[in-house]
Amino acid sequence: KSLEEGLIRYKMLAEKVRDTILFVEICGKIIDANNAAVELYGYKRKDLLKLTVFDLIEGGRSVAIEEMKNGEKDGVFFETIHKHQDGTQFPVEVSAKTTTILDKRVIICIVRDISERKNSENALIDSEEKFRQVFHNSSDAIFVQETKEDGCHGRLIEVNQTAGDMINYSYEEFFGFADPVFELIDS
């Protein structure tokens with residue numbers, strides 16, 4: 001009875017998680033996949049099980065084989081690009097580990113679509129670049145300084161070129177003051 005309960009728990013775990021789980025033969029053939037895999041890639045289960053992992057990976061066989069070699073001992077964790085059934089590409093992170101099931105070497109792959117994370121990272125990079133452009137191209141002197149817990153000025157974090165031009169200090173000289181903004185105001 002406990003063996004049966006254990007099997008039910010593992011089946012529920014594999015079928016209810018949001019991450020894609022693929023069981024793959026060493027040659028790359030997909031031998032099993034959970035519901036999340038079917039949903040992610042857009043194939044019917046029977047069609048997905050006719051594929052190899054190389055069919056899902058942008059760049060195909062060479063990328064997958066190299067990562068599978070690395071996963072033989074300790075497992076691997078990497079990011080790559082996969083393809084939906086319709087050919088659209090999307091970024092994923094893959095955690096894979098080789099194991100033995102009934103005397104057969106298989107690779108267990110947990111695949112997570114990281115499109116949202118990558119979009120957020122790219123939006124943050126774009127936002128930082130826009131801030132950097134405004135900061136450095138401003139005609140106003142701009143200082144960015146920490147505030148300590150007690151409300152006093154902390155260290156200087158950043159200063160723009162306009163501040164240096166107005167006060168005749170180099171960028172590096174600003175960072176030599178204990179409290180550059182206070183010292184500049186005081187002088």
Side-chain angles (χ1 to χ4, degrees), residues 8-99 101 105-138 142 144-147 149 154-160:
I8 291 170
R9 277 195 300 273
Y10 279 108
K11 182 168 177 53
M12 293 295 287
L13 175 66
E15 292 306 320
K16 299 296 180 183
V17 294
R18 288 188 282 175
D19 290 335
T20 294
I21 301 173
L22 300 172
F23 286 84
V24 180
E25 291 179 350
I26 296 297
C27 66
K29 182 178 180 344
I30 299 169
I31 55 177
D32 204 357
N34 68 348
N35 291 338
V38 171
E39 187 176 321
L40 177 66
Y41 294 108
Y43 290 94
K44 293 180 180 171
R45 180 181 303 281
K46 66 180 176 68
D47 295 329
L48 186 60
L49 298 181
K50 293 176 185 174
L51 301 177
T52 68
V53 288
F54 314 122
D55 297 317
L56 303 176
I57 299 171
E58 182 58 32
R61 191 173 189 86
S62 60
V63 173
I65 287 175
E66 192 58 38
E67 292 300 341
M68 288 181 345
K69 283 180 189 172
N70 295 334
E72 184 70 29
K73 183 179 176 197
D74 298 322
V76 291
F77 187 79
F78 61 97
E79 291 183 8
T80 189
I81 303 295
H82 278 197
K83 299 181 287 189
H84 295 287
Q85 182 185 18
D86 66 8
T88 58
Q89 300 175 4
F90 60 100
V92 296
E93 74 183 10
V94 178
S95 176
K97 178 85 169 110
T98 304
T99 191
I101 299 176
R105 301 293 292 155
V106 296
I107 305 165
I108 302 170
C109 302
I110 309 295
V111 180
R112 178 174 291 157
D113 181 344
I114 56 172
S115 297
E116 286 184 25
R117 181 193 327 157
K118 289 296 185 182
N119 290 340
S120 295
E121 287 172 1
N122 291 335
L124 180 60
I125 290 168
D126 290 346
S127 176
E128 287 172 344
E129 182 56 31
K130 286 176 187 169
F131 170 79
R132 195 172 354 288
Q133 291 295 324
V134 168
F135 184 84
H136 289 293
N137 293 324
S138 174
I142 302 175
V144 179
Q145 188 172 13
E146 282 183 343
T147 303
E149 288 183 21
R155 70 179 179 87
L156 184 67
I157 297 171
E158 188 61 87
V159 60
N160 70 351

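Worth knowing before you read on, the calculation uses all heavy atoms, side chains too, and leaves out hydrogens, waters and symmetry mates.
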S.K.: Listed by chain and number, what are the side chain to side chain contact (heavy atoms under 4.5 Å, CB included) partners of S120, not counting sequence neighbours?
M.R.: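 Here no residue qualifies.
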S.K.: Got a sec, which residues hit salt bridge (Lys or Arg N to Asp or Glu O under 4.0 Å) with E129, two or more places apart in sequence or on another chain?
M.R.: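 Scan of E129 (salt bridge (Lys or Arg N to Asp or Glu O under 4.0 Å), adjacent residues dropped) gives R132.
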S.K.: Just jot down the ring-ring contact (aromatic ring centres under 6.0 Å, His included) partners of H136, sequence neighbours excluded, or say none.
M.R.: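 By the ring-ring contact (aromatic ring centres under 6.0 Å, His included) rule, H136 matches no residue at all.
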S.K.: Output every pair passing ring-ring contact (aromatic ring centres under 6.0 Å, His included) with a member in residues 20-39, not counting sequence neighbours, ordered by first then second residue.
M.R.: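 For residues 20-39, and leaving out neighbouring residues, there are no ring-ring contact (aromatic ring centres under 6.0 Å, His included) pairs at all.
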S.K.: Not counting sequence neighbours, which residues clear side chain to side chain contact (heavy atoms under 4.5 Å, CB included) with E79? List them please.
M.R.: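 Partners of E79 under the side chain to side chain contact (heavy atoms under 4.5 Å, CB included) test: E93, I114, R117, K118.
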S.K.: Which residues pass the side chain to side chain donor-acceptor pair (under 3.5 Å) test with N119, not counting sequence neighbours?
M.R.: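 For N119 there are no side chain to side chain donor-acceptor pair (under 3.5 Å) partners, ignoring immediate neighbours.
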S.K.: Going by the rule salt bridge (Lys or Arg N to Asp or Glu O under 4.0 Å), which residues pair with E39 if we only count those two or more places apart in sequence or in a different chain?
M.R.: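 Expected list: none.
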S.K.: The criterion is side chain to side chain donor-acceptor pair (under 3.5 Å); which residues satisfy it with N137, sequence neighbours excluded?
M.R.: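 Partners of N137 by the side chain to side chain donor-acceptor pair (under 3.5 Å) criterion, ordered by chain and then number, come out as Q133.
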S.K.: Using the salt bridge (Lys or Arg N to Asp or Glu O under 4.0 Å) criterion, which residues pair with E146? Sequence neighbours excluded.
M.R.: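 Residues passing salt bridge (Lys or Arg N to Asp or Glu O under 4.0 Å) with E146: R155.
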S.K.: Between N160 (side chain) and I142 (backbone), is there a donor-acceptor pair under 3.5 Å?
M.R.: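 Indeed, once roles are kept as given, a pair shorter than 3.5 Å links the two residues.
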S.K.: Within the 4.5 Å heavy-atom criterion, are V111 and L56 side-chain neighbours or not?
M.R.: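 They are not in contact (no side-chain heavy atoms under 4.5 Å apart), so the answer is no.
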S.K.: For K29, enumerate each residue passing the salt bridge (Lys or Arg N to Asp or Glu O under 4.0 Å) test, keeping only those at least two apart in sequence or located in another chain.
M.R.: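 Not a single residue meets the salt bridge (Lys or Arg N to Asp or Glu O under 4.0 Å) criterion with K29.
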S.K.: Check side chain to side chain contact (heavy atoms under 4.5 Å, CB included) between V38 and all other residues, then give those that pass, not counting sequence neighbours.
M.R.: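 Here the qualifying residues are R45, L48.
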S.K.: Checking T88 now: which residues fulfil side chain to side chain contact (heavy atoms under 4.5 Å, CB included) with it, not counting sequence neighbours?
M.R.: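 Counting only residues at least two positions away or on another chain, T88 forms a side chain to side chain contact (heavy atoms under 4.5 Å, CB included) with H84, D86.
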